[in-house]
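Written out below as structure tokens is the structure these notes cover.
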Amino acid sequence: MEKPRLRFAPSPTGYLHIGGVRTALFNWLWAKKTGGTFVLRIEDTDQERSTAQSMKVIFDSLKWLGLSWDEGPNPDGDFDHEIGTFGPYTQMKRLDVYKHYAERLIQEKKAYRCDCTKEDLDRQREALKRKDPKAQFKYPGTCRHRTSDPQKPSVVRFKVDPSGSVSYVDKVFGEVVTPNIELQDFVILRSDGVPLYNFGAVVDDITMHVSLVARGRDHMINTPQQILLYQALGASVPEFAHLPMMLAQSGEKLSKRHGAVSVGEYESQGYAPGAMLNYLARFGWSFGDQEIFSKEELIAAFDWTHCGRGDGKFDPKKLLAVNYEHLKSSRLMPDAEYADRVLGFVHARGGLDHVTTADVMRALYTIRDRAQTFVQAADMLDPFFRTPPVMDENAKAKFLVKQAAPRLRSLRDALAAVSDFTEASAEACMHAWLAEVRLDIKAVGQPVRVALTGRTASPSLYQVMFVLGREQVCNRLAHAADIAEKSAT
RNA sequence: GGCCCCAUCGUCUAGCGGCUAGGACAUCGGCCUCUCACGCCGGUAACGCGGGUUCAAUUCCCGCUGGGGUCGCCA
């Protein structure tokens, strides 16, 4: 079998949607698995909505996710830079290509110019609706057998033979048959020479030798028209794989109304790209009971036969759980990568610019299995690096009370005498001290925790002590004792 | 409304004629415990309905119902 060529063809009209990412991912996975080619093409023919900024967002998101493309625009260089055989793949730079193919179809009488105006058609549509509300409007073929007025602006329409039918075997849905009678003479080129989706995509997929088109099920309706175009242009028809939709919890189309839907939001909320990919891959695809995958495992396991056909609902809670699986210590992410990623979130908290990767590495083990996101992780790390730690007012009021002051001082004195300050020696020291002052750890644990971290929840006290170091621990205990002293209670 | 697609726990899913219908997330108990988590143990929870086919249907066929997609000089 020849190596497949796949593509992801988003239009730059906003952020990169997680539904789009799933489409990109399935294409990418199959290309990686088969040694095929993954092409990125920007479909910017909707000039009203396309922006250079959202094109950049697409590049950035794809790069963050690690979904690298083999051919397509090079965002790091000049857009005119050629990569591989083709490129850059932005449709607005290929207008003459579409025009050429459209011209050919006209020559061969497979398409014709039509100068019916949009207003005319709208009027006809409404008139029909008034006469028979249930009737379906189709272009009546007004210009099919006449020569359009060259003075008037005209579109190019593709002739559809109403007899016969189009059929193809979808890699996910199986055989799909559409009678041509359901179709109509559709527009392939606008009056301004810009191609419409169906035509642009087909011409591009032909010239870019795309052999498998995998896209959302919302495009399934376009496939018959596109196949007709392939045939009319004498090109071989690619394979198709349509993916079921990812809907919001409400069952509606996923949109901003239903919470975060753009890749960028998840990035800034502290999700790992691998987790995002893992969740999306397992959505509508399965591999026995396995839920957690590295990228490599995904590539090895992916196939089309285990793609489901039913639409699904996006579940942010499960995504969060999958993210935790990727963040906790495991084969999925080495400490160094974790530290690298979380450092940015630490710095983003402000006032912690001095913190280095090495600092994070030292404290990492205390929080790695506790944080679900990098944002949470950075928050947990905060007390280690900020001196004095930010005091939670409620924690202070509840635990740094008068009674605690002498205890904190006494403990400080005990810890100050420990020579080799480790997790174990700190623990041993504290136990000895507890025995000496005849207190239960439950009586002093929280005051100590608040003294050291400013919070009522933290990693193990001894881990915190070890990471902070003896001097910091003693200072913080003394500082907290002073606060407790002045407490009203 | 026409055309098209789909249908197993709340959610993502396994199942491809015979299973106590399995897993994961969520949820609810319990254990662990210096706090919060983590972890561990256990529970609740699904084959939409009606006809067929068959010795036997979650599984195959038909209808219904429900959900979704799409009906542009958007993609």
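Below, chain A is the first sequence line, B the second, and so on; all start at residue 1. What you are looking at is a predicted structure, and each value in this text was computed from that prediction instead of being measured.
- Computed from coordinates, the A:D120 CG to B:C73 P distance equals 12 Å when rounded to whole Å.
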Worksheet item: When you check every protein heavy atom under 4.0 Å of nucleotides 67-72 of chain B, what one-letter string (B, S, -) results, 5' to 3'?
Response: -BBS-S
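- Look at A:K396 and A:E393 and you find a salt bridge, because one of the NZ, NE, NH1 or NH2 atoms lies within 4.0 Å of a carboxylate O, short of that distance.
- Here the C1' atom of nucleotide B:C6 and the NE2 atom of A:H242 are 15 Å apart, to the nearest Å.
- Annotation: cation-pi pair A:R144/A:Y112 absent, no NZ/CZ under 6.0 Å from the ring centroid and within 45° of its normal.
- Using a 4.0 Å heavy-atom distance criterion, A:G200 is classed as making no nucleic acid contact.
- Checked options A:Y365, A:F345, A:F374; the residue passing with A:Y338 is A:F374 (criterion: ring-ring contact (aromatic ring centres under 6.0 Å, His included)).
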Discussion item. Can you build the contact string for nucleotides 35-46 of chain B? Use B for base contact, S for sugar-phosphate-only contact, and - for no protein heavy atom under 4.0 Å.
Written reply: BBBSS-------
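- Among B:C73, B:C6, B:C25, the nucleotide with an atom closest to any side-chain atom of A:K318 is B:C25.
- A 3.5 Å limit on both hydrogen-bonding distances identifies B:G10 as the Watson-Crick or G-U partner of B:C25.
- At a threshold of 4.0 angstrom between heavy atoms, the contacts of A:E291 include nucleobase atoms, whether or not backbone atoms are also involved.
- If you look at A:H326 and A:Y271, their ring centroids are not closer than 6.0 Å.
- As judged by a 4.0 angstrom heavy-atom cut-off over every strand, A:N222 is placed among the base-contacting residues.
- A:C116 comes within 4.0 angstrom of a base, heavy atoms only.
- Using a 3.5 Å distance cut-off with no hydrogens or angles, the side chains of A:Q446 and A:R449 do pair a donor with an acceptor.
- Between A:F314 and A:Y279, the distance separating the two ring centers is shorter than 6.0 angstrom.
- A:R455 comes within contact range of no nucleotide atom at all, as no heavy-atom separation falls under 4.0 Å.
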